[in-house]
Structures are given as C-alpha cells and as structure tokens.
Participant: 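Here it is: the structure, laid out below.
Chain identifiers are assigned alphabetically (A, B, ...) following the order of the sequence lines, protein sequences preceding nucleic acid strands; residue numbering begins at 1 within each chain.
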Amino acid sequence: MSFDRPGRVSMRMRQLLVKTLREAPAEAELASHRLLLRAGLVVPLAAGLYCFTPLGWRVIRNVERIIREEMNASGALEVHLPALHPIELWEQSGRAALMGQTLFRLTDRKEREFALGPTHEEVISYLASRTIQSYRDLPVTLYQIQTKFRDEPRPRGGLIRLREFTMKDAYSFDTGWETLDASYDAAFAAYRRIFQRAGVPVVPVAADSGAIGGKDSQEFVFLTDAGEDTILLCPGCSYAANAEKAEFVPPPPVPGEPAPLERVHTPGKRTIAEVAAYLGVEPRQTLKAVFYRADGNPVFVAIRGDLEVNEVKLKNALGAREVEPMDEAAVREYGLVAGSASPVGIEDIPVVADTSAVEAVNLVGGANVPDHHLRNVNYGRDWNASLVAEIALARAGDACRACGTALETRRGIEMGHVFKLGTLYAEKMGVYYLDESGERRPCVMGCYGIGVERMLAAIIEANHDSDGIAWPWEVAPFDVHVVVIGAGEPPIATAVAEVEAALSAHGLEALIDDRDDSPGIKFKDADLLGMPARLTVSPRSLERGGVELRFRRGGETAVLPANEAASAIAKARTDTLGAGPS
RNA sequence: CGGGGUGUAGCUCAGCCUGGAAGAGCGCUGCGUUCGGGUCGCAGAGGCCACAGGUUCAAAUCCUGUCACCCCGACCA
C-alpha cells in the first residue's frame, strides 16, 4: 500500500538495549522527564547532558526528519557550520561580552581562543558574506541542524533546558524589510506545520526582541504547567505575548485634585502594603521606589505601588545591555533610604518613571528619611524623571491593550522562535550585496530556531497518559509494537515471521518484543513505550484466526489475519496523517 | 548567584537521632516453574555508604570542608 518509506525494517527488542524502569529516579518531577527515563530513551550524564539510547535516538531522528522536510518544502537550504568558533567572530559582533558566562570558551594548543557555539548568527553571517554578492542571490534562507553549547546557570526538567543540545537554526537574507516579511512568513508557516506534525500544540506569542535590536519577534509556545515562561493571553481578542513583552492597561488611578505635600510619621512601616494600610490608602495610591544598576550605572525607578517593574522593558527603555537590582551595599553608598525612598529630591541618580506613577495624583511616597513618608506626591510639581516609559509587568487580570478584556496568565515552554533581525549582524559581520544600481547594501536578516530535544520533551508532555507515552505516528520510534506470547513454539515463530512480512509490505516498522518475559511485563512495557499500534501474537490469537490489533490511544481490539491487521494499521496511520508531508 | 533538599547496590529506599560485622524490594545472572496485564520458588553476582580531613579503641552514623545532583528564584540568542 504505502511504499514511500524504503528501508524500514523491524527490530528485535532484546537486541535494542531497551531497558525500561518500573520506577523513575527520584529527581525526575516532570512527566516527560520521568517517562524519558522510565522508557529508557535517555540516560543522564551530568547536569544538562543526556545520552540517547537507540530507541530515544529514533525519535530524535524522526523529529529532525519532519523539520528537514518542512524547511526544504519552504525553500530553505540546508548547510552545516562548525560548532567550534574562533572567538574573534564573537568579538566582532560584540556578543562575546554580551553572552557572558553562558559562552563556553576554550583555547587550542597555539593559545588561540575559541568558543563552542551557543547559536550561529556570527558563523552564518561569515558564510553568507563569502557567498552572497548580488541582489540576484537573494532572498535565501539557510538552515542547519546542529549542536549548541550553553553554560546555563540552571539546566532543568530533563530535556527542557540543556547545556548541550540540538537546534534547527535558520537564517534568512533579504534585500529589504518587505521581502524579509515574506521570508519570515514562510518560516512561520513551516513552523506551524512542524509542530502540528510532531503533535505539539503551540500558540504563537509576541516576544521581546531583546538587546539585538530587530523588529518582530514571535515565540511558539507550548502551554503547560511544566513551562518556565509566563504567557499572557487575552480571551477577548486572542492577543498573546510573553510576560516580558505583554502590553496592557493597568488599573486606573484614583482621581483627585493635587493637594499640598505633607510629611507623615510612619514608624516601622516599610513595605507598600504596610504603609498603605497604616495610612488608609490603596496600594495604587502609593509610589514605589526600586533601585537598579543598568550596565553598572545606578538607576532610580519610580512606579505605582500596585505594580511591579518589568526588567526587560526597563532594559529596553534605557537602551541598556544589562539591568540588575542594586545590591544593598550600593544602596547605602548612594544614600538611598530603602523602605522610605522616593524620587522627591533625588538629584544624583537618573530617575526612570513608569507612566502609571506620572499619571496618578496625590500618591504616598517615601520621604527619604527613615520612618517617614510624604502624602500628596505629584509628578511635575514634586519630582521629575529623566525618562518616562511603560516599564510595568503585566499580570493576570490587567486589561488587554487592544480590547480591554482581563488578561489571563499561563505557563509555557518556548518551542521555537522567529525573529526579524534586520541589518545589525549584516553590518557588524559584513554581509553586503550589490543592488540593481550597483550600490552596496547590508542584507536584512531573520533568524528562526527550534530546539530538537525540547521537542521530544514537549511531545511526551502533550502525548502521554498514566500508563506511559502515546507517540504521534510521525515521531514514534516504531509504528507497531508486536507482543509475542509463547515465543519458541513453532506456530508462533511462523506467525511472527508472517506479521513481519505483512508490516514490511505495508511500509510499517515494528518493534518485536521477543523477550522471555511474562505477558504482563510485555503489555505494561508496550503501554509505557507507546507505539501507536500494538499487535499481539499468541496461541490464543492464533486459535481465533490471527493476531490481535489494538491502538495505543484506545478503541476496540480486533483479531485479524496478519495481512489485514497490517493493512488496518497502515490505513489508520494514513488517515491520521492526512495528506502527509507537504 | 540567593533559598531549599538529596547523596547508602543499576532503580526506589531503610539504617544515621542513640557510633560497635552494610540491609530490603525491584532489576540483573543461573536452574526450575508459570504463560493474556509488572508469575512463583531456589541459588547467586553486585556497595571506597559522594569525596577529603577531623573526633574516637571503633564512623554510613558525630564534627568541618569540598563536590555532585534535584527543586524554587535570578538568568535564559
């Protein structure tokens, strides 16, 4: 029936080093992490490093196959770049310092410095600069599936955050922003198909474009409580953004006419909640002071008391590379009165104000004197800021900027990222082309990434039950799990050979459990390992005229002749896949 | 980097408080048994009790330090 999958064969379980565990190691908490270990797909080596077993690697290869097919279908060209990078490339782009300790560094025998690539914008730019010369070469999208190295401060969640991992990274090169939109849209569409085929439900969300600059940036997020990112979703207009990027309207201020400034004694009251309660006002009627360092320089941030600072928005507003909370020693050094600080009278340190603090009237703020606060603090009259910007963190219940509906928050895992880079890298790394008029111009770039191992984790998170994994067809290590009961008896051996031939003829691959174990163990392992279809060959099934067919996701069991069973599996597979690869 | 937790057999864990011969279940090997949802029996193999130092006649156990791993946070192109 389906002969489009050449070279597919069955494998014997006892030769495949499939070692399932009845219990998962105690440290594994996520369902995907536990099942990866229990099913024997991976073996941990060190924090953020995993070995893949033959079974686990087959899934990885399937995910990569889907990615290749869809990237190729979108017109992208596969390349391969070194993982070992001369450090000069990273200094040229300025990211050697930006990446900080995340960058793995090493030195060769001649004392030349290298980095293990955490990503490949620099190297792809190098390749592009040597190959792209004319507008006639554009547009072009290059991609690779390659190992990345990142010295993460905290690897976590099994395959969710690794220190060495595989990424499909793609980079588009265009003559201008208009055609970049087309390249970006093509990558976006390919990503949708990839995640759909792999069985990972994702939502595209607006993301921060970070210090690199650039324009649009979207993440494909798999919504799950196991996620490490916070996503804001609008039930009204389907606006979706991650917490760093999310735009919103904070609760309105309490209206009023400016009243005279008044100093009050607030003994021992330091937090917003304490001060507000003591003075009988709402938190949104207070002014909160937070101290940061931006690229080493002190920054005084003023924001309404009921809101929190979004450090990414603050960083972007300042145009800073790095923003971090000021440590206590520095707070003392600058003479700031933690607990009673306010921008009133602050002169030595630049003040950044959130719009919320500027628009509200008669706020309660610190007096910059211990145990004292000020009533009726008003912007413009009592204090000023060197920069006013929206730097507040969106929270559940805040109003959607677009439609006013209350936003909801969910946790999610970033599965992929598409990003309009612009000309920044092209200029720094020298990726230029000659346009029709012979003028030298920088390429407009986009970049697009998917984490392969993370896909495996997400596939399991999204496709499992209490018995184990339930692989989607396209990524399953095998199509069929053949449970052999009573192996060793000649009629059974004959039947198994018949089943193998029938499956092979239908282009199906099978994992044949030929182990000398009890039926109970085999059925439990079949559920745990999660192949989409299961065939049982036993004396009982032969008596009933064939082999027993059952699908992992439930449904009725049926006893059929081997050939009909194989045919039914092939049909189920095709029906589920629909039109198949695009 | 801050907070919390855990390191004893391949896995899950007991033993530590109160120092005195290293244990159980699962898994693994062999023999037998059983054969449709983690059979049963017998016999085995397997441990530098994370590492280092200290206290003690004696340390898995008490003390100090280090390392590793996990969780929360910070961080995360």
Participant: How many Å lie between CG on Leu542(A) and P on G36(B), as a whole number?
Facilitator: 14 Å
Participant: Name every donor-acceptor pair, under 3.5 Å, that has one atom in a side chain of residues 529-538 of chain A and the other anywhere in the protein, sequence neighbours excluded.
Facilitator:
from: Ser538(A); atom 1: OG; to: Arg540(A); atom 2: N; distance (Å): 3.3
from: Ser538(A); atom 1: OG; to: Ser541(A); atom 2: N; distance (Å): 3.0

Participant: Look at atom CZ of Arg270(A) and say whether more than 12 heavy atoms of other residues, nucleotides or ligands are closer to it than 6.0 Å.
Facilitator: no
Participant: Considering only the P atoms, how many Å lie between A24(B) and G46(B), rounded to the nearest integer?
Facilitator: 14 Å
Participant: How long is the line joining CG of Asp516(A) and C1' of G32(B), in whole Å?
Facilitator: 13 Å
Participant: Using the P atom as the point on both nucleotides, what is the distance between C70(B) and G30(B), in whole Å?
Facilitator: 35 Å
Participant: Produce the list of close N/O pairs, under 3.5 Å, pairing protein atoms with atoms of nucleotides 3-7 of chain B; give distances to one decimal.
Facilitator:
none

Participant: Any pair with a residue in residues 154-172 of chain A that passes salt bridge (Lys or Arg N to Asp or Glu O under 4.0 Å), sequence neighbours left out, goes on the list, sorted by first then second residue, please.
Facilitator: Lys148(A)-Asp169(A), Asp151(A)-Arg163(A), Glu152(A)-Arg161(A), Arg156(A)-Glu228(A), Arg161(A)-Glu228(A)
Participant: Walk me through whether Tyr184(A) and Ser172(A) qualify under side chain to side chain donor-acceptor pair (under 3.5 Å).
Facilitator: CA-CA 8 Å; Tyr184(A) 182 93; Ser172(A) 64; over 6 Å; no
Participant: Considering only atom P, compute the distance from U66(B) to A59(B) and round it to an integer number of Å.
Facilitator: 24 Å
Participant: Does the separation of the ring centres of Phe220(A) and Phe195(A) fall below 6.0 angstrom?
Facilitator: yes
Participant: Closest-nucleotide mapping onto RNA chain B: is Glu548(A) or Met167(A) further toward the 5' terminus? I mean the 5' end.
Facilitator: Glu548(A)
Participant: Pick the C1' atom in G44(B) and in G7(B), then give their distance to the nearest Å.
Facilitator: 28 Å
Participant: Does Arg410(A) come within less than 4.0 Å of Asp229(A), counting only side-chain N to carboxylate O?
Facilitator: no
Participant: When the P atoms of G27(B) and G73(B) are considered, how many whole Å apart are they?
Facilitator: 37 Å
Participant: Can you check the Asp517(A) CG to C26(B) P distance for me, whole Å?
Facilitator: 14 Å
Participant: Would His417(A) and Glu414(A) count as having a side-chain donor-acceptor pair, cut-off 3.5 Å?
Facilitator: yes
Participant: Using atom P in both nucleotides, what's the gap between U6(B) and A22(B) to the nearest angstrom?
Facilitator: 25 Å
Participant: Can you give me the closest heavy-atom contact between Ala243(A) and Asn310(A), atom names plus distance?
Facilitator: O-ND2, 3.2 Å
Participant: Do you know which of Glu88(A), Glu122(A), Lys428(A), Glu121(A) makes side-chain hydrogen bond (donor to acceptor under 3.5 Å, both in side chains) with Ser93(A)?
Facilitator: Glu122(A)
Participant: For nucleotides 70-75 of chain B, which of its nitrogen or oxygen atoms have a protein nitrogen or oxygen under 3.5 Å away, and what is each distance?
Facilitator:
from: C70(B); atom 1: O2'; to: Glu27(A); atom 2: O; distance (Å): 3.4
from: C71(B); atom 1: OP1; to: Gly157(A); atom 2: N; distance (Å): 3.2
from: C72(B); atom 1: OP2; to: Arg154(A); atom 2: NH1; distance (Å): 3.2
from: C72(B); atom 1: OP2; to: Arg154(A); atom 2: NH2; distance (Å): 2.9
from: C75(B); atom 1: OP1; to: Glu311(A); atom 2: OE1; distance (Å): 3.0

Participant: When the P atoms of A45(B) and U8(B) are considered, how many whole Å apart are they?
Facilitator: 22 Å
Participant: Once you apply a heavy-atom cut-off of 4.0 Å, does Glu414(A) come out as touching a base, just sugar-phosphate, or nothing?
Facilitator: nothing
Participant: Could you state the atom-to-atom distance from CG of Leu17(A) to C1' of G10(B) in whole Å?
Facilitator: 14 Å
Participant: From CG of Leu37(A) over to C1' of C69(B), roughly how many Å is that when rounded to an integer?
Facilitator: 13 Å
Participant: For His120(A) and Gln144(A), run side chain to side chain contact (heavy atoms under 4.5 Å, CB included): C-alpha distance rounded to whole Å, both residues' side-chain angles, the deciding distance at 0.1 Å, then the answer.
Facilitator: CA-CA 10 Å; His120(A) 279 77; Gln144(A) 65 169 345; 3.2 Å; yes
Participant: Expressed as a whole number of angstroms, how long is the span from Asp514(A):CG to C35(B):P?
Facilitator: 21 Å
Participant: Between the side chains of Asn242(A) and Asp208(A), is a donor N or O closer than 3.5 angstrom to an acceptor N or O?
Facilitator: no
Participant: Restricting to ring-ring contact (aromatic ring centres under 6.0 Å, His included), what partner residues turn up for Phe291(A), sequence neighbours left out?
Facilitator: Phe300(A)
Participant: What string of B, S and - do you get for nucleotides 37-46 of chain B 5' to 3' if you count protein non-hydrogen atoms under 4.0 Å?
Facilitator: BBS-------
